[in-house]
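Below, each value reflects all heavy atoms present in this structure, side chains not excepted, and no hydrogens, waters or symmetry copies. Every chain is numbered from 1 and lettered A, B, ... according to where its sequence line falls, protein lines coming before strand lines.
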Amino acid sequence: MASYNLNEILKAKAATGNKTEEIGLDDVSRVKVLSPGRQVFKRFIRNRLAVFGSGLLILMFVFSFLGPIFYPYGQKEIFYKYDTQNVNYALAKEITSYTGYLIDSDISVPRTVTTSINSLAKKLIASDDDAALIADDSSAFLLTRISDDVFMLSSVRAERIASVGSGRAMIGVYDMLTDSITFSGNSIDGLLDAIKEDFNRSGGEFTFDGVTYSYEKAAGKSYNIYSEMDGVALYDNTLPASFAGAFEKAAENKTYSFAVSGRTYYVVESQSGYDAYSASGEKNAMVFTKLTFNAISSDVNINDSLKADALCHIADGASFENDGTTYSVSDSEGLLLLKDAEGNEIAELSVFSVRRYTGEDSIDYELKKEIEELVLVMEETGVKTETLVHDIPLQDGNGQYAYDEEGNLQYSEAELVITKRDTGEYQINCDQIIYLIDMFSPSSKEHILGTDGDGFDVLARVMYGGRVSLLVGFVVVFLEIFIGVIMGGLAGYYGGWVDNLIMRLVDIFYCLPSLPIMIILGAMMDSLRMDTYVRLMIMMATLGILGWAGVARMVRGQILSLREQEFMVAAEATGIRVKDRIFRHLIPNVMPQLIVIATMGMGSVILTESTLSFLGLGVKHPLATWGTIINSVSSATAMAHYQHIWIPVGLLICLTVIAFNFVGDGLRDAYDPKSKR
Amino acid sequence: MADNKEKKEEKKSSYISAKESRKITKFNRKVTKRLEADRANAKKDPSLYKTHMKDDKNVVEFDNVCTYFFTDVGVVKAVDGITFNIPKCSTVGVVGESGCGKSVTSLSLMQLLQRPSGQTVGGEIRFNLGDGNAYNIVNTPTSKMQEIRGNKVSMIFQEPMTSLNPVFKIGMQVNEVLELHHPEMSKEEIRNRTLEMLEMVGIANKEGVYEMYPHELSGGMRQRVMIAIALACSPELIIADEPTTALDVTIQAQILDLLSELKDKINSSIMLITHDLGVVASMADYVVVMYAGRVIEKGTADDIFHHPAHPYTIGLMKSKPVVGKKVDELYNIEGNVPNPVDMPDYCYFRDRCEMQCERCKAKKDGAGADYPPEIKISDTHFVSCYRFFDEGEVLGYPKTVNAEELLK
Amino acid sequence: MSEEMTPVSLEGAEKDSENLLVVKNLKKYFPIKSSFFKMTVGNVKAVDGVSFAIKKGTTMGLVGESGCGKSTTGRTILRLQEKTEGEVYFDGQDIFKLSKEELRKLRPRIQIIFQDPYSSLSPRLPVGEIIAEAVREHGIVPKEELDDYVTRVMEACGLQEWHKNRYPHEFSGGQRQRICIARALALNPDFILCDEPVSALDVSIQAQIINLLRDLQKQFGLTYLFISHDLSVVEHISDTVGVMYLGNMVEYAETDKIYSKPLHPYTVALFSAIPVPDPDYKMNRIVLQGNIPSPANPPEGCKFHTRCEKCMEICKSMAPEMREVEPGHFCACHLYDDPEELKKFGKESESR
């Protein structure tokens with residue numbers, strides 16, 4: 001230790017009370033100076049551009065961070081709009097096919113039967129027959145014409161009583177191995193025994209049940225069986241004598257039924273000719289009709305069971321009961337009307353259908369009739385287009401039907417255009433209010449900057465986008481500075497191999513192509529389907545890691561020059577530890593340059609982020625950043641047509657970057673006591 | 001505790017408050033705008049700057065010159081009512097410590113102040129044009145000034161390292177001045193004149209140096225080149241601003257030798273600005289001592305060095321150790337040279353002065369007596385000190401400008 | 001130019017407890033590196049064999065022009081940079097043999113004051129903290145006394161207590177230099193290296209600082225190495241003076257002796273060049289011609305011979321040794337060589 005104790009000496013001296021006195025006109029006490037902070041501030045505000053820049057930045061921050069609080073819309077809120085559009089309102093056509101209504105659900109009607117109804121009904125109408133039998137092995141159905149538009153399908157017990165045919169017809173294959181006959185048509189009982197018997201006689205032809213059969217050897221041990229019919233074969237001996245003649249005649253005329261001595265028999269086409277059946281025990285299964293029920297009164301719900309009942313009673317005109325109410329169907333002046341017990345018209349049954357495109361049956365009867373009439377006129381005159389003015393249900397602003405106070409639908413007049421289509425149908429068009437996503441709407445009161453292609457409010461997205469963009473700027477620059485200061489500080493202070501190592505690392509980071517790296521990273525994150533926010537974090541980290549080199553180089557340079565300053569030598573000479581020397585003496589002196597570089601860096605980071613997001617590599621839609629907003633109009637046509645989306649954002653990016661640069665420049669000048677402005 | 005509070009307040013008050021700062025800024029803006037407008041007017045009216053010398057034997061007459069800087073901390077009265085003359089063919093040494101306004105005086109004369117914050121707000125600087133006419137430099141427009149600068153007045157700076165342009169050859173830099181002010185000279189003439197100048201300032205290898213760049217020369221050589229440039233146009237006045245301060249003792253000796261040699265050879269006056277009394281003593285005919293923006297004493301070198309009158313001059317001489325004169329303890333003037341902001345109206349040196357008399361504090365408690373007037377104690381010797389109030393002839397008080405009144 | 005350069009009296013001087021600082025044949029070369037391969041192509045011999053000893057409680061002045069290596073000598077003594085050769089003993093221990101931690105412990109005892117009071121104070125710390133920082137670091141005073149201690153040190157250096165919270169930029173040069181001195185003094189040093197402490201100051205302030213330094217020396221028995229180019233200041237403050245030229249010490253003696261009768265031609269020229277503040281003083285200046293040669297490529301023989309008025313043949317080829325020309329007065333010049341030897345050399349060169 002030193003040879004004296006300064007503390008003791010000074011204490012003793014202080015005790016004697018010999019204090020140095022202040023001398024007048026001492027500058028330190030007399031002349032007021034600007035505090036260091038104020039001095040910088042003054043120099044800063046003298047720079048008009050810098051003040052302008054800081055004003056802009058403050059605006060930008062308020063806009064981005066406070067704006068969304070007061071702005072009513074969110075960034076991912078989709079907006080819809082109501083638009084009047086000429087829509088296909090309805091379709092009018094004459095019904096040509098038959099629709100079936102179930103009467104007795106206990107009877108199962110095979111699909112083969114229901115599908116054949118349409119053609120069969122048409123054939124019946126053509127042949128002017130009243131009924132036809134549909135028979136197969138297991139079941140038989142009788143289709144009876146009630147009117148041209150209504151047919152009744154009933155299940156019957158059918159018995160084949162006769163056949164008529166001409167020439168040879170293969171009816172089956174006899175397989176000796178299995179000892180059975182596979183029939184190609186209806187099976188004939190007893191034929192197996194007969195053929196076996198004949199086989200034993202080694203004949204080739206036999207007669208069974210009045211029909212002559214022959215067989216020929218086919219592949220292997222099987223034989224094809226043919227019927228050699230010519231004329232009528234009767235299976236029932238009780239048939240009257242005139243039957244055969246009537247049957248033959250019917251078959252010849254291809255009628256579906258014939259009557260002999262008061263009984264009706266049905267003709268069914270078979271493989272070899274025609275079979276005659278007798279039917280008994282009719283049970284109504286289904287009713288098929290071309291008619292559609294056009295509701296006149298909306299009070300009654302016309303369900304399928306009512307429809308079926310009504311159809312069943314078209315022919316007799318009798319009243320019937322359905323679900324506890326009595327109805328009747330009557331024909332008045334060519335109109336088939338469904339009425340209730342009091343005679344109120346409930347529906348008209350018509351083959352002419354007018355239906356909404358949407359499927360709902362909201363067209364009232366009057367309109368339907370009018371359309372029908374008009375169509376008939378058009379049909380006659382061959383005019384393709386016709387206009388009709390009629391009340392249709394009024395839609396409110398939301399596309400819903402409007403009701404008055406009592407809950408009744410309101411109507412308004414509309415122009416309906418009827419056009420004949422090539423298919424023969426008539427299409428009815430009118431203007432309707434439609435609810436749809438409000439895409440690319442120009443600026444309006446509700447959306448000051450309009451909406452974008454997803455129906456998002458552009459202004460809201462610009463605000464939220466500003467948040468992300470500015471935040472990215474801050475975080476990335478903070479990261480850059482953090483790494484840069486540590487690395488640059490170490491390199492600058494220690495020098496030697498540490499410096500060499502870190503500076504080579506800096507060189508490497510300088511030559512890393514950041515755009516390709518970001519592209520690859522973006523593609524990777526795309527394929528991993530990463531969460532938008534995780535992407536954002538990763539992007540910020542990457543930008544920070546790629547960007548620290550410049551900061552490190554600057555800090556190193558600063559520290560190298562500061563290290564040679566005498567106050568650093570003095571700090572070393574007074575034996576202050578390395579840690580304190582770096583953090584108490586060096587870093588505070590680098591601070592101004594750091595602030596400047598950070599401010600300048602902020603602008604370029606925001607630009608980079610926008611570029612990346614624009615290229616679709618950074619933040620992903622629908623999270624808004626200024627880059628993604630521009631990205632949403634990235635095509636040339638979009639650019640040309642939707643300036644209201646990208647021009648404000650582009651301006652914001654430009655202004656922010658310029659503002660950051662102005663402020664950075666201003667700060668640099670303000671901190672540098674040598675610069676003169 | 002109370003003591004602590006006081007300290008805090010003291011600390012706070014040492015900084016200019018935001019309000020004061022705004023006031024100062026506003027005032028500065030108004031004043032400088034006004035003064036710049038006045039300058040612009042002077043350009044149109046030659047009568048504003050054409051004048052006559054009081055004494056035709058002088059090259060320059062400083063007459064109550066006030067040069068103020070309107071800074072963020074207030075009005076810095078760097079030069080506040082100084083009056084002295086530079087006679088023809090003589091060397092005037094301006095001595096003072098840093099911040100006393102000696103450099104500002106020379107800059108005012110050259111109109112090289114950092115405008116708009118630095119402004120000569122009062123007084124006249126009369127520059128003798130030789131034909132009986134004179135310019136008042138304060139109002140002279142820049143176009144006229146350019147005819148004077150480098151041609152009639154030239155300057156030698158302290159830093160020979162930075163005052164030469166490193167990318168041009170020495171020859172070119174000397175030629176440039178000649179070309180500018182003597183367009184009638186041919187290239188050959190200019191080159192010859194340059195070489196002549198280089199020889200004159202003691203550069204033996206003149207042809208070689210002509211082709212050299214500044215960095216190839218040592219500090220002493222560069223200063224010689226600077227002197228050559230200054231002399232090139234045979235100016236009426238050479239302002240040497242601390243010409244030897246940055247040089248080593250041996251080189252300083254060389255340059256001083258050169259300057260005193262040249263002094264006799266050329267017909268120029270030299271205004272030698274320095275803080276080194278030794279340099280002044282060896283060079284100057286007249287000496288002006290400045291303190292805090294004012295001339296406190298002026299006279300011939302003999303007056304000043306042998307019969308110093310002002311306590312500051314006396315103190316300054318005593319506080320410089322001299323080789324061969326052993327003293328046990330150096331005399332020291334307590335305190336510092338004050339920064340000329342918000343100066344009191346009493347003698348600026350009073351608080352550091354050991355020779356105060358009753359008159360110095362005539363009005364009590366710092367409200368203060370007036371600043372001492374200029375007193376003539378011999379034909380050539382003037383001093384601003386109350387100690388001679390009764391002995392000498394009182395000439396008058398320095399005329400200064402109240403910054404507030406500039407706005408009226 | 002090795003051991004023979006050392007004045008005889010320095011043999012074992014480090015063991016003499018009277019000598020606080022002993023410097024023996026100190027050399028500091030700065031390598032000149034070729035820009036591309038980083039090969040050393042030469043050396044700037046900033047300090048080329050300097051030896052001296054400073055007694056406790058005395059001041060040694062080190063004079064010379066800029067670039068003569070006086071500041072480098074100072075900084076190398078403090079081991080602020082590594083030496084090339086030689087030894088430095090502080091209070092008997094070789095500074096260059098200490099470990100980093102030992103050196104750090106020793107630091108407070110050897111302090112430094114710089115020329116430029118503007119760059120030697122950290123601009124972002126208040127004055128009180130600048131002074132207190134190292135005191136705290138080395139535990140010079142108990143924590144609770146630190147604040148009072150700093151106040152007292154400041155007062156001892158002519159600063160006011162309320163200056164503590166001010167920042168360096170608010171002070172004038174002289175006051176800053178006082179802060180520097182306070183910072184050094186607060187560490188209880190034995191030795192202070194004053195590296196041109198007053199060159200940047202005004203005359204009236206110079207006197208204040210010089211008086212303060214002398215005051216402190218008287219009070220605390222400090223030892224100074226006072227580096228300056230200002231001969232008059234050095235004369236005033238020093239007990240012994242060494243004159244340096246181009247990395248070498250050319251003359252060393254007690255102040256009175258060297259000022260009354262300078263021996264070396266360089267010293268003579270240097271002294272004559274000082275301007276005297278008296279217009280009647282007719283100067284007998286010996287104006288040295290030319291400039292100081294580059295220390296990277298110093299002249300052969302006596303380094304001063306290129307500018308010396310009394311240059312002899314021998315000076316151009318043989319470097320002179322430091323020898324005691326008069327008791328206590330050392331000089332490295334062939335003028336004071338034994339005439340016999342000179343003659344001998346003359347014959348040798350003739351014969352060549």
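For the pair C/K218 and C/F220, the NZ or CZ position fails the cation-pi test of under 6.0 Å to the six-membered ring centre and within 45 degrees of the ring normal.
For C/L106, no part lies under 4.5 angstrom from a heavy atom of chain A. Using a 4.5 Å cut-off between heavy atoms, C/L125 touches chain A through its side chain atoms alone. Neither the backbone nor the side chain of C/A184 comes within contact range of chain A, judged by heavy atoms closer than 4.5 Å. Both the backbone and the side chain of C/V153 have a heavy atom closer than 4.5 Å to some heavy atom of chain A.
Between C/H169 and C/Y118, the distance from one ring center to the other does not fall under 6.0 angstrom.
Using a 4.5 Å heavy-atom threshold, the side chains of A/W548 and A/M487 count as touching.
Taking a cutoff of 4.0 Å between a charged side-chain nitrogen and a carboxylate oxygen, C/D91 and C/R109 qualify as a salt bridge. At a threshold of 4.0 Å, the pair A/D669-A/R43 does not count as salt-bridged, since none of the basic side-chain nitrogens sits closer than that to a carboxylate oxygen.
Here A/R577 is the residue among A/M568, A/M591, A/H585, A/R577 with the most heavy-atom pairs under 4.5 Å with chain C. Between chain A and the options C/S120, C/A134, C/P123, C/P108, heavy-atom pairs under 4.5 Å are most frequent for C/S120.
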